[in-house]
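Before any comments, here is the structure.
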Amino acid sequence: MSESVVLYAEFTATPDAGEHVDRLISDYAQLVRAEPGNEVFEVYRREEAPDRFFVFERYRDRAAFEAHLGAESGRAFNDALGPLIVESGSTLSFLRETARV
């Protein structure tokens, strides 16, 4: 059985773009959640820094994650997001589940 792919992405909206980014990623989230291999796509804004976005994602397996990366909707989202964030792209952190007790 293939191991799931779990990660989080972080990025910061440019000044005055926070609400625009929020709408953009909310629309995109609906598309990602409909992808066959997506299990979780949760979007958060940091309480102490509302222009800072945090997205938690989980995909069934590596193939599902690769399909997500290749989706046209992702390219369109990233093209629209690019000019609205401080960084040159989202910072991705891949996670591995620890042993359960």
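All values below were derived from every heavy atom in this structure, side-chain atoms included, with hydrogens, water molecules and symmetry-related copies excluded.
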[atom2] on [Y] to [atom1] on [X], rounded to 0.5 Å:
{"X": "T12", "Y": "R45", "atom1": "OG1", "atom2": "CZ", "result": "11.0 Å"}
{"X": "S73", "Y": "N78", "atom1": "OG", "atom2": "CG", "result": "9.5 Å"}
{"X": "Y59", "Y": "E39", "atom1": "OH", "atom2": "CD", "result": "10.5 Å"}
{"X": "H20", "Y": "L81", "atom1": "NE2", "atom2": "CG", "result": "9.5 Å"}
{"X": "I85", "Y": "D51", "atom1": "CD1", "atom2": "CG", "result": "12.0 Å"}

Passes side-chain contact (heavy atoms from CB on, under 4.5 Å), V55 versus Y28? Steps please. CA-CA 12 Å; V55 183; Y28 180 58; over 6 Å; no
Please answer: with hydrophobic residues joined when any side-chain heavy atoms are less than 4.5 Å apart, are F53 and F77 in the same cluster? yes
Answer yes if L69 and F94 sit in the same cluster of Ile, Leu, Val, Met, Phe, Trp and Tyr residues linked by side chain heavy atoms under 4.5 Å apart, and no otherwise. yes
With Y44, which of R46, E42, E47 fulfils side-chain hydrogen bond (donor to acceptor under 3.5 Å, both in side chains)? E42
Using the side-chain contact (heavy atoms from CB on, under 4.5 Å) rule, pick out the option among V43, V6, L7 that qualifies with F56. V6
Could you tell me if the side chain of R58 sits less than 4.5 Å from the side chain of N38, heavy atoms only? no
Side-chain heavy-atom pair I25, F11 within 4.5 angstrom cut-off: yes
Would you say that more than 12 heavy atoms from the other residues, nucleotides or ligands in this model lie under 6.0 Å from the CG of D16, or not? no
List the atom of L92, the atom of A9, and the distance in Å for their closest heavy-atom pair. CD2-CB, 3.5 Å
Which heavy atom of R60 sits nearest a heavy atom of P36, and at what distance? NH1-O, 3.3 Å
Students often mix this up, so state it plainly: with edges at 30° and 60°, are the rings of F41 and H68 parallel, tilted or perpendicular? tilted
